[in-house]
Amino acid sequence: MLQVTQIREHKESFIAALKKRNFQAEELFEQVLQLDETRRATQTELDNTLAESNKLSKEIGMLFKSGEHEKANKVKAQTGSLKENSKKLSEKLQQVEEKINQILYTIPNVPHESVPAGISEDDNEEIFNEGDIPVLAEGSLPHWELAKKYDLINFDLGNKVTGAGFPVYKGKGARLQRALITYFLDKNIEAGYTEYQVPLMVNEDSGFGTGQLPDKEGQMYHVQNDDLYLIPTSEVPLTNMFRDDLLTEKDLPIRCTAFTPCFRREAGSYGAHVRGLNRLHQFDKVELVNLVKPEDSYETLDNMVAHVKNILRELKLPYRVLRLCGGDLGFTSALTYDFEVFSTAQDRWLEISSVSNFETFQANRLKVRYKNKEGKKELVHTLNGSSLALPRVLAGILENYQTENGIKIPEVLVPYTGFDMID
RNA sequence: GGAGAAAUGGCAGAGUGGUCGAAUGCACCGGUCUUGAAAACCGGCGAGGGUCACACCUCCGGGGGUUCGAAUCCCUCUUUCUCCGCCA
């Protein structure tokens, strides 16, 4: 969420920037600033009241000690109204703070200056593309057909065991997926990331920390008996590890990577676009999370983009990079680059990575700060990105690498798979 | 799952109702001494809010309560440890 102090200082420019998202902030900002006035005034009043009663309490203590009980009781009688008053004030304070937060929760992050205005994904800006789109032979198949033909993925079994959106990977399909995971992790480690294995379920605090709660509650699977949520991405546990932390300058940058399954309810998504591996309830993903000093965050974002490009280049997949427009930008992000790989058989682009800079938006809610050179506390900037989401990469490989004799394995993966052909 | 014990500053560890935001030791920072370092000695040293700076307020695992006053008493939750049971 945004910081009240920032809103106060940059009100006009924030309002203008948020318009790129088609978000009208003016009125909400006014409300927040007004409530914040009340908050501060109430705080001061409460502090003074408490100071007064602290003083009296001390006095009573000393009087009792010196045996002046009568006097002490007299002073005691004065404390009643103070107590009542401070109770009222602290209730009011709580209410006001609650109200402020309620509003702040509804305001998305301020888009970076480079973010184009726009309404939908059609307005995203393609900034890069690479890799030739292969011309496939007659009779080439979409990945779900290939998966069936070569017995790589069994959707029916998943249906039987669990339900739609939970495929079973089998044989070379399973091994190819495992190879990709290991390959991605190795690339990330090579780039300076530390590998983590994190819990797949998180508590409510973590859900709030990264902003899945309270709004996107429907996106996550909820284990009611224990009040835990299955993670929709490892960003949630990875980032929440640092919740409420006060870091030192030399702790930064923090670079984490993790492979986890991800669970998404994806309520309301049906149709041809969710066919096969396009959209699943459970899928694997390797994630990158960076916590950096504010002044370093955009360089870090560029590095992450370059890193993901490099992986796709090595895999020799045709892909493009989009700068998301305001309308398509995620709630918490200031600037996001999406990576899409071309699905030849489906003749469409599939999103396989999303790399974002959240600036302080996440850190503010999570209270992740560090002590800068001057010893002042500052919120860190957080960034994350996928490297990569497995199913669609798999889909891309199956479709783009299919030949009449079978599916070739990208060269860089052969050491990981132990085979170079699926046939 | 059952029974018991515990949770205090970076760490260790005092503190069972009243100048306790918290003794002491270690670590850390600054200084004296030294050619330099170590030792010794002197000083400083938790966090958040607030202020130009003070004042002042809040925080002793989390939440709630009793009291004029809570680290200290009560309730509750969480976590850790020990013992028993179960288990990949």
Side-chain angles (χ1 to χ4, degrees), chain A residues 1-9 32-101 104 197-209 213-214 222-229 237 240-252 254 260-261 291 360 363-380:
Chain A
M1 60 186 189
L2 296 177
Q3 296 162 265
V4 177
T5 49
Q6 294 288 306
I7 293 176
R8 200 183 306 139
E9 270 173 55
V32 167
L33 292 178
Q34 218 163 67
L35 284 167
D36 189 55
E37 289 287 319
T38 312
R39 201 210 91 223
R40 284 184 294 166
T42 311
Q43 180 79 63
T44 308
E45 208 182 334
L46 175 64
D47 283 359
N48 291 338
T49 311
L50 288 174
E52 185 67 18
S53 62
N54 283 347
K55 222 170 83 186
L56 290 182
S57 289
K58 270 181 191 169
E59 214 175 306
I60 293 167
M62 287 199 287
L63 288 172
F64 271 125
K65 237 183 187 173
S66 58
E68 301 173 74
H69 292 254
E70 223 171 279
K71 240 181 172 173
N73 282 321
K74 248 189 216 165
V75 180
K76 215 161 140 176
Q78 296 173 30
T79 59
S81 67
L82 283 174
K83 215 184 161 187
E84 215 174 284
N85 205 7
S86 65
K87 202 176 166 188
K88 248 191 275 175
L89 286 169
S90 64
E91 270 165 22
K92 184 177 171 192
L93 187 65
Q94 221 181 329
Q95 278 170 14
V96 173
E97 279 174 348
E98 180 70 16
K99 264 192 210 162
I100 293 175
N101 282 334
L104 287 178
Q197 287 192 17
V198 294
L200 304 183
M201 290 196 250
V202 295
N203 57 31
E204 200 173 53
D205 286 346
S206 294
F208 272 99
L213 297 174
H222 185 200
V223 181
Q224 274 169 13
N225 273 347
D226 301 285
D227 205 13
L228 295 172
Y229 295 85
N240 272 287
M241 293 196 295
F242 304 97
R243 170 154 44 90
D244 293 323
D245 274 2
L246 182 62
L247 304 162
T248 64
E249 200 181 358
K250 55 174 199 279
D251 293 327
L252 298 173
I254 292 173
T260 67
L291 310 192
T360 60
N364 186 35
R365 203 163 180 178
L366 286 159
K367 294 207 177 60
V368 189
R369 297 156 305 158
Y370 83 105
K371 260 188 186 163
N372 66 18
K373 273 202 187 69
E374 294 90 56
K376 277 189 126 178
K377 282 140 218 141
E378 253 189 301
L379 292 168
V380 302

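No hydrogens, no waters, no symmetry mates; every other heavy atom, side chains included, goes into these values. Numbers restart at 1 for each chain; the letters A, B, ... are given by sequence-line order, proteins then strands.
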Base-pairing assignment for [N] (Watson-Crick or G-U wobble, both under 3.5 Å):
N: B:A12; result: B:U24
N: B:G4; result: B:C81
N: B:A70; result: none

Whole-Å distance separating the [atom1] atom of [X] from the [atom2] atom of [N]:
X: A:Asp205; N: B:G63; atom1: CG; atom2: P; result: 11 Å
X: A:Asp227; N: B:C77; atom1: CG; atom2: P; result: 15 Å
X: A:Leu89; N: B:G49; atom1: CG; atom2: C1'; result: 16 Å
X: A:Leu246; N: B:G9; atom1: CG; atom2: C1'; result: 14 Å
X: A:Ile60; N: B:U19; atom1: CD1; atom2: C1'; result: 14 Å
X: A:Asn203; N: B:U78; atom1: CG; atom2: C1'; result: 11 Å
X: A:Lys87; N: B:G69; atom1: NZ; atom2: C1'; result: 17 Å
X: A:Asn73; N: B:G69; atom1: CG; atom2: C1'; result: 13 Å

Quantified in whole Å, what is the [atom1] atom distance between nucleotide [N] and nucleotide [M]?
N: B:A38; M: B:U32; atom1: P; answer: 14 Å
N: B:G61; M: B:C42; atom1: P; answer: 33 Å
N: B:C26; M: B:C20; atom1: P; answer: 23 Å

Given B:U19, B:A47, B:U67, identify the nucleotide with an atom nearest to the side chain of A:Lys83.
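Out of B:U19, B:A47, B:U67, the nucleotide with an atom closest to A:Lys83's side chain is B:U67.
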Write out a two-atom table: protein N or O, nucleotide N or O from nucleotides 55-61 of chain B, distance below 3.5 Å.
unit_1 : atom_1 : unit_2  : atom_2 : d
B:C57  : OP1    : A:Asn54 : ND2    : 2.9
B:C57  : O2'    : A:Asp47 : OD1    : 3.0
B:U58  : OP2    : A:Asn54 : ND2    : 3.4

With sequence neighbours excluded, tell me which residues meet side chain to side chain donor-acceptor pair (under 3.5 Å) with A:Ser86.
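Counting only residues at least two positions away or on another chain, A:Ser86 forms no side chain to side chain donor-acceptor pair (under 3.5 Å).
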With heavy atoms under 4.0 Å as the rule, sort A:Ser57 into base, sugar-phosphate or nothing.
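Base, at least one base atom sits under 4.0 Å.
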Between A:Met1 and A:Asn364, which heavy-atom pair has the shortest distance, and what is it?
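That closest heavy-atom pairing would be O-ND2, 2.9 Å.
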